[in-house]
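Structure first, then comments.
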Amino acid sequence: AAALSTVSSAYKVDETPTSREDVTTYNNYYEFGLDKADPAALSGDFKPLPWAIKVDGMVGKPGTFDLEQLLKDFPIEDRTYRMRCVEGWSMVIPWNGFPLAALLDKVEPLGSAKYVAFETVVRPEEMPGQKSVFQSLPWPYVEGLRLDEARHPLALLAVGLYGETLPNQNGAPIRLVVPWKYGFKGIKSIVRITLTDTQPVNTWQAANAREYGFYANVNPAVDHPRWSQATERRIGESGFFNAGRHPTLPFNGYADEVASLYAGMDLRTNF
Amino acid sequence: MKPTLRSSLKQWQPTLVWLTYAVGLAPAVWYFYLGATGGLGADPVKTFELFLGLWGLRFLILTLAVSPVRDLMGWNFIAYRRALGLLCFYYILLHFTVYLVLDQALDVTAVLNDTLKRPFIMFGMAGLAMLIPLALTSNRFSIRRMGAHWIRLHRLIYIIAACGVLHYALSTKVFSMEQLIYIGLIIALILYRSGRPILRNRKPRRYLTTSP
């Protein structure tokens with residue numbers, strides 16, 4: 001991981017950040033394997049550079065953007081966010097990145113565009129989880145946001161953590177971070193962004209629509225069918241003699257910023 | 001007469017049974033040590049919980065495999081079956097204890113809610129509940145006293161195995177290869193048991209009696 005030159009931002013949290021060790025060795029990235037330790041252990045062959053992102057669909061100025069150029073065009077901000085996994089654990093991660101809105105502005109979405117669809121790279125030769133006989137999910141991994149969610153200032157395209165470029169296991173070289181949603185919405189190693197007028201079906205929703213929805217907003221009041229979402233285990237704090245359980249907050253503690261996006265919606269059905 | 005391998009094994013059997021318990025519990029002791037000293041990674045409680053559950057399944061598989069191995073290969077490990085079965089019980093009990101104490105921090109309401117609402121936890125709890133009478137009657141006194149009832153009661157192990165498989169299968173987001181192997185083995189052992197009376201009726205019986 002190479003050092004990034006970053007600027008500070010107002011996006012901070014009071015909690016202590018999770019250690020770099022834990023953030024980079026406890027990952028869900030099924031393209032590299034199902035075990036939490038697999039992504040760190042099995043992503044050595046992945047080559048994140050050079051990298052380009054294609055932005056197309058309902059936009060005035062579609063294009064393919066070179067990552068090196070994007071890093072020059074946008075200031076890279078330090079933003080520490082809480083991260084809550086749908087499995088019931090959480091971290092506090094000092095990300096480095098730029099707002100997704102900045103890239104969207106560059107391509108000038110058309111008035112008809114309502115949603116933003118994202119796609120992860122497919123490279124079976126470099127990603128063991130895409131090559132094995134037994135495939136856990138269909139590839140590419142896809143995700144989506146409503147356009148107003150995507151334009152929200154909290155929505156970040158992260159290119160680093162702890163002031164250095166992203167390690168492969170964390171979604172190098174560029175990934176989405178939407179801190180008020182469950183972690184699986186944070187699609188990794190993004191190669192394509194498409195503006196559309198139809199709601200995209202994200203990978204986990206396609207795999208099991210009863211358990212994973214499109215919105216996936218962190219919500220302690222709506223249980224996952226297989227576990228409660230009322231509390232979470234903070235990684236790094238949970239030792240043998242301290243469960244490290246925290247109450248889970250609505251919208252992961254970002255309700256003041258984002259709750260208005262969902263005014264009038266039933267969050268039990270739109271989970 | 002020189003002692004044969006078989007007769008010397010017989011002589012050492014009580015020691016070997018105790019050795020089975022000691023070796024069988026060693027993984028739990030080792031992982032507890034690792035966990036208590038910060039050697040189990042970022043999420044030690046979850047790792048320990050999963051580890052104990054997996055060893056419970058492994059001993060369940062070994063317990064169920066004793067009869068088929070004897071039928072199909074002629075190797076008789078019947079003397080170790082009680083130890084294997086009890087090791088399964090100890091691991092599942094530890095698995096539950098870690099969930100209750102270390103994971104849920106003794107939040108009984110959360111545990112009850114989990115049990116009532118989530119099928120995979122329901123199956124796990126049912127399996128543990130059924131293991132208790134089996135563990136309590138795993139002694140010579142109960143076998144003698146209960147007679148045929150004992151055999152009937154201990155057939156519960158197949159229901160327990162089914163609960164264990166469902167608990168494991170429903171607990172993850174997607175199936176892993178490892179998971180499919182365990183599930184496959186347990187299904188095969190349950191199917192073997194349900195087909196065994198037919199096999200026995202067809203073939204001449206190779207064993208006159210199995211009870212002492």
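Order of the sequence lines fixes the chain letters, A, B, ..., with proteins taken first and strands second; residue numbering starts at 1 for each chain.
- Heavy atoms closer than 4.5 Å to chain B are found in the side chain of A:N28, but not in its backbone.
- Proximity to chain B is absent for every atom of A:V23, based on heavy atoms less than 4.5 angstrom apart.
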Going through the checks in order, is the side-chain hydrogen bond (donor to acceptor under 3.5 Å, both in side chains) test met by A:Y262 and A:E149? CA-CA 10 Å; A:Y262 310 100; A:E149 296 178 313; 2.5 Å; yes
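- The distance from the CZ atom of A:F214 to the CZ atom of A:R146 is 8.0 Å, given to the nearest 0.5 Å.
- The CZ atom of A:F184 sits 8.5 Å away from atom CD of A:Q205, with the distance rounded to the nearest 0.5 Å.
- For residues 177-184 of chain B, the interface with chain A (any heavy-atom pair closer than 4.5 Å) comprises B:M177, B:L180, sorted by residue number.
- When heavy atoms are compared at a cutoff of 4.5 Å, A:D223 approaches chain B solely by way of its side chain, counted from C-beta outward.
- The distance from the OG1 atom of A:T120 to the CD atom of A:E143 is 9.0 Å, given to the nearest 0.5 Å.
- Classified by interplanar angle (parallel below 30°, tilted 30° to 60°, perpendicular above 60°), the ring pair B:F51/B:F48 is parallel.
- In this structure, A:M127 CE and A:F32 CZ are separated by 4.0 Å, a value rounded to the nearest 0.5 Å.
- Once rounded to the nearest 0.5 Å, the distance linking CZ of A:F251 with CG of A:N219 reads 7.0 Å.
- Of residues 82-93 of chain B, no residue lies under 4.5 Å from chain A by any heavy-atom pair.
- Put simply, CG on A:D45 and CD on A:E125 are 9.5 Å apart, with the number rounded to the nearest 0.5 Å.
- With a threshold of 4.5 angstrom between heavy atoms, A:E87 approaches chain B through side-chain atoms but not through N, CA, C or O.
- Interface residue B:F175: backbone and side-chain heavy atoms are both found under 4.5 Å from chain A.
- Residues B:I78 and B:R70 have side chains in contact (heavy-atom distance under 4.5 Å, counting atoms from C-beta outward).
- Heavy-atom neighbours of A:D266 CG from other residues, nucleotides or ligands within 6.0 Å: above the threshold of 12.
- There is no contact between B:T47 and chain A, counting heavy-atom distances below 4.5 Å.
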Is there a ring pair (Phe, Tyr, Trp, His ring centres under 6.0 Å) between A:Y26 and A:W89 once you walk through the steps? CA-CA 11 Å; A:Y26 191 81; A:W89 52 268; 4.9 Å; yes
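- Contact between A:A172 and A:F46 at its shortest, heavy atoms only, is O-CE2, 3.4 Å.
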